[in-house]
Amino acid sequence: MKFTSTRGTAPATSLSDAIAAGLAPDGGLYVPDALPRLASDAFTDCIKLPDVAARLLAPFFAGDALAPELDSICAEAFTFPAPLRALATPRDSVLELFHGPTAAFKDFGARFLAACMRRIIRPAMRPLTILVATSGDTGAAVAAAFHGRPEFRVVILYPDGRVSKRQAHQLGCFGGNVSALRVAGSFDDCQSMVKQAFADMPLRAWLSLSSANSISLGRLLPQMAYYAHAALSHQRTHATDLNFVVPTGNLGNALACVLARAIGLPIGRIALATNANRTLPDFFAGAEYAPRASIATLANAMDVGAPSNFERLRWLYPDAAQLRRDFPVQWVDDEAIRATIRERYARHGEVFCPHTACAIRALENLRADGADGDWCAVATAHPAKFEAIVEPLIGRHVDVPPALAQLLARPSHADPLANDYSALRAFLESSASEHV
Ligand SMILES: *Cc1c(COP(=O)(O)O)cnc(C)c1O
């Protein structure tokens, strides 16, 4: 399979090259040149998540240098489960994507990307610096996935004071080949500094640089696997399609669900839930698409005003009217996030992180509007990652999962960084010379 750009003017390229490049040279996002067709019967002998992943991804890897490695890449990346759990409300469930090392779904994509990059990287590119701007969860997942691999360095930029305390601890606890920089600015400022580094040709002449953001095919493609796995096992036990509500920021996780359905997996409706950042809900309600600055909410990993994967959604749905008809989209403000966390615990003993709570609230609204069938809200992070928000609302301690506890037990350090590109450049220069 070859990959082309959503903007249509970059040459078709191999999967390995598309993963190594990140963004297509015409500024678009890489998409498959044709969608394979894989219905349920293609998976009859696949039960476990890594096996489903390898079967699902085989057509995308066909003809690429990584194809013979696909089974081992999946075995390396999918080392923790993605269980479906029933909720107290009838025919509702959650897909728990937070059982990885950093307790958020981004571990799946980051680990898969690392497994691919390790096999792609040429000696001349070493050490490759992975530069990431993070609103909280991406940075830790990428750090965990690349930590201890000497052919890579990871440099993380995060907005100081705007991530949860445990998120900040995670970002700074790796050390070694991972540096955490706390920037005196917003997530958008961090992202803009990263973009400036990529555009800095004199810097790139001596520093090999790569990104790991949510537009990377190496993160997007593997995320289809847990939707496929959940929908297939639901179909086996209930003989019906599973509908999903996906809490959404940059649309990476939701797009993986949409792609899995387009390929033929037994997925019914897909609803999107955002926080008070309303770029997507406004578009789906009929307005022009209008990216804007993000606003800070309790679901901070979804504080996105310009969803980076929107271009891929438009590529799949060139007809805006059909796109708007196909997807129920709701936004959930902080007050509703708080109420959902409080009420689901009081009524049912269920505990959710603020992002998952957006999906739960959207599902409750869909049910109130008469939605039938089996619905699954996607649980993107463990509530213990956001204990400062969740614990006061439910009035009890949230147990910390073992993987997260291990990271929290390590010392953590982040260097302060001015909100100014020259400060980042100076850091990259000094740390590169240290590294040699
Ligand atoms: C990143 C993240 C999201 C949003 O995912 P997108 O792929 O950006 O839409 C939702 N919840 C959590 C916990 C996240 O870390």
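Residue numbers count from 1 along this sequence. Order of appearance sets the numbers: ligands from 1, and atoms from 1 within every ligand. Not measured: the values here are computed from a predicted model.
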Does any donor atom in the side chain of [X] or [Y] lie under 3.5 Å from an acceptor atom in the other side chain?
X      : Y      : value
Asn250 : Ser308 : yes
Asp26  : Ser5   : yes
Thr89  : Arg347 : no

Heavy-atom pair of closest approach, residues Asn177 and Phe152:
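So the two residues come closest at ND2-O, 3.0 Å.
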Any protein N/O atoms within less than 3.5 Å of an N/O atom in ligand 1? List the atom names and distances, or say none.
from	atom 1	to	atom 2	distance (Å)
ligand 1	7 (O)	Gly252	N	3.1
ligand 1	7 (O)	Asn253	N	2.9
ligand 1	8 (O)	Asn250	N	2.8
ligand 1	9 (O)	Gly249	N	2.8
ligand 1	9 (O)	Asn250	N	3.2
ligand 1	9 (O)	Leu251	N	2.9
ligand 1	11 (N)	Thr380	OG1	2.8
ligand 1	15 (O)	Lys106	NZ	2.5
ligand 1	15 (O)	Asp137	OD2	2.6

Between Tyr227, Phe78, Phe98, which is the residue that forms a ring-ring contact (aromatic ring centres under 6.0 Å, His included) with Phe108?
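With Phe108 as partner, ring-ring contact (aromatic ring centres under 6.0 Å, His included) holds for just one option, Phe78.
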For Arg367, enumerate each residue passing the side chain to side chain donor-acceptor pair (under 3.5 Å) test, keeping only those at least two apart in sequence or located in another chain.
Asp92
